[in-house]
J.: 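Let me begin by handing over the structure; questions about it come next.
Note that the structure is predicted; figures quoted are calculated from it, not measured. Atoms within a ligand are numbered from 1 in the order they appear, just like the ligands themselves. Here, residue 1 is the first one in the sequence, and each next residue gets the next number.
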Amino acid sequence: MKKVRKIDVNSIGFRSWTAFVLLGLFIILFLWITQVVFLQVYVNRTKKDEFAAVGRELMTKYYGDYQKEFGQIANRSSCTVDLLRQTGGEWTVAYSSSGVLFGDEGDKVDMSDSLSYLAQNANWREGVYRTDNATSQLYYGVYADAAESELLVISQSNALLDSTTKILQIQMGIASIIIIVLSIGVSFLMSSTFSQDLRRLSESAKRLKDNDLSVHFDEKGFSEAKELARTLNYATAELQKTEALRQELISNVSHDLRTPLTIIKGYAEMIRDITGEDPAKREEQLGVILKETDRLSGLVNDLLELSRAQNQNKPFTPQRVDLSAIIARALDSFDVLIKRDGYVLEKDVEDELWVMGDAKQLELTVYNLVANAINYSGREKYILVQAKATDGKVKCVVQDHGVGIPEEQLATIWQRYYRVEHAREVVGTGLGLSIVQTILTRHNAEYGVESKVDEGSTFWFELPLSR
Ligand code: ADP
């Protein structure tokens with residue numbers, strides 16, 4: 001069955017089509033009124049004045065041997081002048097400049113509608129004007145005497161005006177057809193290009209709605225359509241990034257969660273089935289379980305921190321904060337560990353280091369750097385935390401004399417989940433530095449690392465001092 005396309009009255013196509021056609025009709029109407037109707041009115045008015053003037057002139061000459069004067073006036077004004085006289089209800093021609101219209105002098109006049117109209121409506125002072133369409137004549141009648149028995153009729157052929165009007169009407173007709181055709185054509189062309197752009201965009205948008213992130217919006221056509229396409233492409237790119245991150249995160253997280261979970265399950269089963277009665281083995285295996293549990297909660301915490309730091313929707317609003325206080329707070333967390341495991345922590349932090357930033361995020365940064373320094377400090381167990389103001393900047397350094405990082409890996413350690421192969425006992429998620437990087441980038445901070453294998457690493461970042 002053929003699908004009948006319904007006209008959408010709200011579509012750009014229909015709207016612009018009707019607007020153009022209405023505009024076309026309006027132009028035609030305007031032209032008709034000015035060219036045809038007004039022309040007639042204008043001609044009638046000027047003719048009437050012209051005839052009245054001729055009438056007045058004739059009156060001034062209406063005495064004695066007036067015929068010659070009348071003839072001259074008629075000739076000069078290109079009119080025909082007739083004087084009709086009424087006697088006993090009959091009209092006869094008293095004078096005629098042409099002898100054509102109503103007959104020669106002395107002839108009886110056959111009173112046409114127009115003549116009767118003139119005879120009835122004119123008076124001595126005021127003449128009347130009349131167009132006779134049947135004979136295509138313009139008449140002007142005025143009484144030459146107060147008794148209203150002598151009617152002066154001035155007339156002129158209307159043929160020229162008639163033919164002019166006809167030509168105009170034909171021209172107008174042609175112009176109207178051209179205007180209508182043009183307005184329909186132009187509106188159709190314009191609206192179809194307009195709506196074509198939009199339709200193309202909405203086709204692509206539909207694909208996007210169906211989760212097809214590979215769509216591309218063509219940046220062509222009207223500027224507005226281009227702009228829209230650009231915005232949509234940008235939005236799609238962002239969606240793609242989010243989707244990629246999501247997928248990566250899910251696969252990494254599930255991988256990272258599965259390993260410790262498998263170990264925990266394995267050891268738990270072993271304790272239940274085999275070693276439950278053997279205290280030494282059981283303790284050892286419970287230790288593994290606890291270690292893996294710690295690892296799991298560490299991973300979950302890091303993931304949360306990372307997603308929090310990366311949350312672009314939450315605007316970053318830096319405040320004036322004291323970095324020395326922040327460092328002190330971050331180091332507090334390690335007190336127990338340092339005392340228990342015999343780390344040497346050297347603290348060289350100036351007081352009152354005011355910077356613009358987010359206190360929580362900066363504390364997390366220092367915390368992660370120190371945690372790494374402790375983790376990878378090797379046998380030396382030495383950690384230096386330094387913060388000093390120079391040249392309007394605060395430089396914070398976290399240094400250890402531990403295992404160091406191979407040069408070729410210095411660039412990659414910031415990546416998410418990146419871990420250098422270490423002895424098994426070092427527990428990490430590979431997320432710490434990635435969180436640090438996200439936070440420092442948000443703070444527009446300079447940062448970096450210098451490291452040599454077996455000599456140790458120095459991580460640093462720099463923020464402008466806030467006065
Ligand atoms: P994690 O420490 O959880 O593995 P990070 O993102 O914090 O993850 O660090 C990524 C990698 O960078 C670590 O696996 C480690 O190999 C290396 N690294 C980080 N800090 C140090 C350090 N102070 N000394 C040596 N290696 C380090």
Side-chain angles (χ1 to χ4, degrees), residues 245 248-249 251-260 263 291-310 327 330-331 333-334 337-338 341 343-348 361-387 395-443 445 447-461:
L245 276 181
E248 186 198 305
L249 198 71
S251 69
N252 285 337
V253 168
S254 46
H255 171 263
D256 278 20
L257 292 179
R258 203 177 309 122
T259 320
I263 296 174
K291 205 172 116 194
E292 290 302 319
T293 323
D294 282 346
R295 195 175 141 84
L296 273 180
S297 62
L299 177 68
V300 171
N301 280 340
D302 281 1
L303 278 173
L304 278 178
E305 292 300 347
L306 184 62
S307 80
R308 219 171 274 156
Q310 280 183 333
I327 293 174
L331 292 180
S333 321
F334 296 101
L337 190 75
I338 286 168
D341 295 349
Y343 288 96
V344 180
L345 175 80
E346 196 180 322
K347 199 178 150 205
D348 177 15
Q361 294 188 7
L362 288 176
E363 185 181 329
L364 184 62
T365 303
V366 177
Y367 178 93
N368 280 352
L369 291 178
V370 175
N372 277 350
I374 292 176
N375 264 342
Y376 305 105
S377 65
R379 249 169 286 142
E380 279 241 8
K381 297 198 166 184
Y382 168 82
I383 298 129
L384 165 71
V385 177
Q386 197 179 50
K395 186 168 184 176
C396 176
V397 173
V398 179
Q399 194 178 55
D400 66 72
H401 293 171
V403 295
I405 304 162
E407 205 182 326
E408 67 275 9
Q409 277 158 352
L410 277 179
T412 33
I413 51 168
W414 305 94
Q415 281 171 18
R416 206 180 312 183
Y417 288 109
Y418 185 84
R419 304 202 59 212
V420 181
E421 281 301 315
H422 297 286
R424 286 240 184 81
E425 62 269 17
V426 179
V427 173
T429 59
L431 287 173
L433 286 183
S434 162
I435 296 171
V436 168
Q437 186 182 39
T438 308
I439 293 174
L440 291 179
T441 311
R442 276 199 133 181
H443 279 76
Y447 60 91
V449 55
E450 284 105 42
S451 182
K452 265 207 174 120
V453 175
D454 290 335
E455 284 184 22
S457 316
T458 308
F459 284 83
W460 61 269
F461 65 89

J.: Could you establish whether Phe459 and ligand 1 come within less than 4.0 Å of each other, counting only heavy atoms on the residue side?
T.: yes
J.: Picking from Leu369, Val397, Val366, what satisfies side-chain contact (heavy atoms from CB on, under 4.5 Å) with Phe459?
T.: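 With Phe459 as partner, Leu369, Val397, Val366 yield a single side-chain contact (heavy atoms from CB on, under 4.5 Å), made by Leu369.
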J.: Could you work out, for atom 5 (P) of ligand 1, the closest of Ile413, Leu433, Val398 by heavy-atom distance?
T.: Leu433
J.: Checking Trp460 against Gln386: is there a side-chain donor and acceptor pair closer than 3.5 Å?
T.: no
J.: Can a side-chain donor-acceptor contact be found between Gln399 and Tyr382 if the only test is distance below 3.5 angstrom?
T.: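 The criterion, which ignores hydrogens and geometry beyond distance, is not satisfied for Gln399 and Tyr382.
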J.: Counting each atom of ligand 1 from 1 as listed, which ones have a heavy atom of Gly432 under 4.0 Å away?
T.: 5 (P), 6 (O), 7 (O), 8 (O)
J.: Check whether any side-chain heavy atom of Gln437 sits under 4.5 Å from a side-chain heavy atom of Tyr447, and report yes or no.
T.: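 They are in side-chain contact.
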J.: Would Gly404 count as a contact residue for ligand 1, given that I'm defining contact as a non-hydrogen atom of the residue lying under 4.0 Å from a ligand atom?
T.: yes
J.: Does at least one non-hydrogen atom of Asn375 fall below 4.0 angstrom from an atom of ligand 1?
T.: no
J.: Between Asp341 (side chain only) and Tyr343 (backbone N and O only), is there a donor and an acceptor less than 3.5 Å apart?
T.: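 Looks like no, no N/O pair under 3.5 Å.
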J.: May I ask you to identify, for Asp400, whether its side chain, its backbone, both or neither come under 4.0 Å of ligand 1 on a heavy-atom basis?
T.: side chain
J.: Report the distance from atom OG of Ser451 to atom CG of Leu410, rounding to the nearest 0.5 Å.
T.: 6.0 Å
J.: Ignoring hydrogens, just give me the one of Ile374, Asn372, Leu369 whose non-hydrogen atom is nearest atom 20 (N) of ligand 1.
T.: Asn372
